[in-house]
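First the structure, in the form of structure tokens, and then the observations on it.
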Amino acid sequence: MNLEISTTYPLIIIFIMAVVTLATRWGGVLIMSYVPISDRVQRFINAMSGSVLVALLAPIAVEGDHGARLALLTTLIVMLLLKNPLLAIAAGILAAALFRQYFV
Amino acid sequence: MSNVDPDIYSLSYSQVWSGFKSLLPISSFVVIFGAAFGLAATQTGLDNSSIMLMSSFVFAGASQFATLELWGAQISLIPLIVTVFFINARHLLMGASLYPWLRHLSPIKRYSILLVISDANWALSLQAFNRGESGMGLLFGGGIALWLAWVLGTGLGFYFGNVIHHPALLGLDMVMACFLLAMVVGGQKNLRILIIWAIAACSSLLAYWYLPENSHVVVGALFGGIVGIFWKEKRV
């Protein structure tokens with residue numbers, strides 16, 4: 001079974017994308033509203049929330065180019081030393097930009 | 001959560017406005033991503049009004065770019081749904097992580113706020129809630145800022161998309177990753193959390209290499225969460 005939608009009617013495709021995306025935005029809270037918040041659930045939520053970001057970043061750090069790695073490393077170091085997010089982000093972007101300008 | 005300020009469960013205009021302003025710096029970069037999307041979508045052959053509608057109603061960059069990859073004379077329904085769902089499945093976890101606070105709002109407010117939940121405003125608001133402050137304004141006002149930036153950027157992409165040829169050369173592709181990393185590092189850290197993160201990172205990488213595309217975020221986050229269930233924090 002392979003349903004095809006013609007892209008001459010992009011509105012149908014956009015509608016499907018919007019519904020699926022909205023389901024992800026609402027779904028987590030909707031499901032949680034049926035789950036009693038026990039200690040276990042609370043621990044799961046706490047551990048999972050940071051893990052989302054780590055899981056998102058891991059392949060970028062490992063599979064990205066050296067510029068990407070350098071950007072993340074710079075952000076990490078500046079953030080640990082100065083604890084200033086804006087400075088850390090700016091330093092990371094600058095590191096990637098400089099590296100890619102001169103070494104790629 | 002017994003002695004917290006009841007204010008953190010409310011949502012006032014001043015909070016929304018200050019959340020909006022807090023997310024303006026990162027939103028200016030979202031404009032650039034939006035422009036990149038607008039340009040890429042034009043090159044794929046979508047007409048301007050469809051591109052604007054997509055950015056306005058979908059508002060999820062990675063899945064929109066991925067859809068362009070599937071775009072041809074026709075598009076297969078199941079791969080479309082699967083791709084969009086898995087790329088955006090992290091929203092499920094992000095929403096769930098905010099549930100302890102969002103549940104105090106009326107359903108209308110709760111689900112209205114969630115219309116604009118996205119990586120940056122979620123990360124900032126969760127951090128605020130964990131400090132015992134209100135993150136509602138950051139989530140909603142910040143989300144509106146990000147949404148406006150995304151839609152505005154998309155529109156600029158048709159007209160000025162050619163101005164920035166190689167955003168990666170300027171390091172602009174790393175803005176969101178650096179931002180999210182700064183959020184990770186800024187959160188609480190102890191041995192338990194670090195090991196949970198290491199497990200999340202390893203399982204994400206394994207999923208990235210060996211499981212179907214786009215499953216890594218969900219797999220990594222679930223593994224991290226499951227370890228959290230069984231490894232209790234020491235009560236202080």
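Residue numbering restarts at 1 for every chain, and letters A, B, ... go by the order of the sequence lines.
- The minimum heavy-atom distance linking B:R192 with B:W231 is given by the pair NE-O, 2.7 Å.
- Most heavy-atom pairs under 4.5 Å with chain A, from the set B:S97, B:G45, B:S49: that is B:S97.
- Of the residues considered (A:A88, A:P59, A:A18, A:S6), A:P59 shows the highest number of contacts with chain B, using heavy-atom pairs under 4.5 Å.
- Heavy-atom pairs under 4.5 Å with chain A were tallied for B:A182, B:A198, B:P25, B:P107; the largest tally goes to B:A182.
- For chain B, no part of A:I12 is nearby; none of its heavy atoms comes within less than 4.5 Å.
- Note on B:S63, B:A60, B:S56, B:G72: by heavy-atom pairs under 4.5 Å with chain A, the leading option is B:G72.
- If you measure heavy-atom distances from A:V29 to chain B, the contacts under 4.5 Å come from both the backbone and the side chain.
- Pairs of residues two or more places apart, or lying in two chains, that qualify as side chain to side chain donor-acceptor pair (under 3.5 Å) and include a residue from residues 171-182 of chain B are A:R100-B:D173.
- Scanning all heavy atoms of the two residues, the minimum distance from A:I89 to B:V175 falls at CG2-O, 4.2 Å.
- Only the backbone of B:A89 comes within contact range of chain A, judged by heavy atoms closer than 4.5 Å.
- Neither the backbone nor the side chain of B:I87 comes within less than 4.5 Å of any heavy atom of chain A.
- Taking the six-membered ring where tryptophan is involved, the planes of B:F129 and B:W101 are essentially parallel, since the angle between them stays under 30° and well short of 60°.
- At a 4.5 Å heavy-atom cutoff, the contact between B:I117 and chain A is made by backbone and side-chain atoms alike.
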For residues 76-86 of chain A, which side-chain donor-acceptor pairs fall under 3.5 Å, sequence neighbours excluded?
residue : atom : partner : partner atom : Å
A:K83   : NZ   : A:L80   : O            : 3.2
A:N84   : OD1  : A:L86   : N            : 3.1
A:N84   : OD1  : A:L87   : N            : 3.2

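- Within a 6.0 Å sphere centred on CD of B:E213, heavy atoms belonging to other residues, nucleotides or ligands number 12 at most.
- Interface residue B:F59: backbone and side-chain heavy atoms are both found under 4.5 Å from chain A.
- Counting heavy-atom pairs closer than 4.5 Å to chain B, the top-ranked of the candidates A:A23, A:G27, A:P10 is A:P10.
- Among B:S203, B:G220, B:G224, the residue making the largest number of heavy-atom pairs under 4.5 Å with chain A is B:G224.
- Proximity to chain A is limited to the side chain of B:L126, based on heavy atoms less than 4.5 angstrom apart.
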request  = Start with the C-alpha gap between B:S76 and A:E4, add the side-chain angles, then the distance that decides, and say whether side chain to side chain donor-acceptor pair (under 3.5 Å) holds.
outcome  = CA-CA 4 Å; B:S76 305; A:E4 302 277 336; 2.9 Å; yes
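- Both the backbone and the side chain of B:F85 come within contact range of chain A, judged by heavy atoms closer than 4.5 Å.
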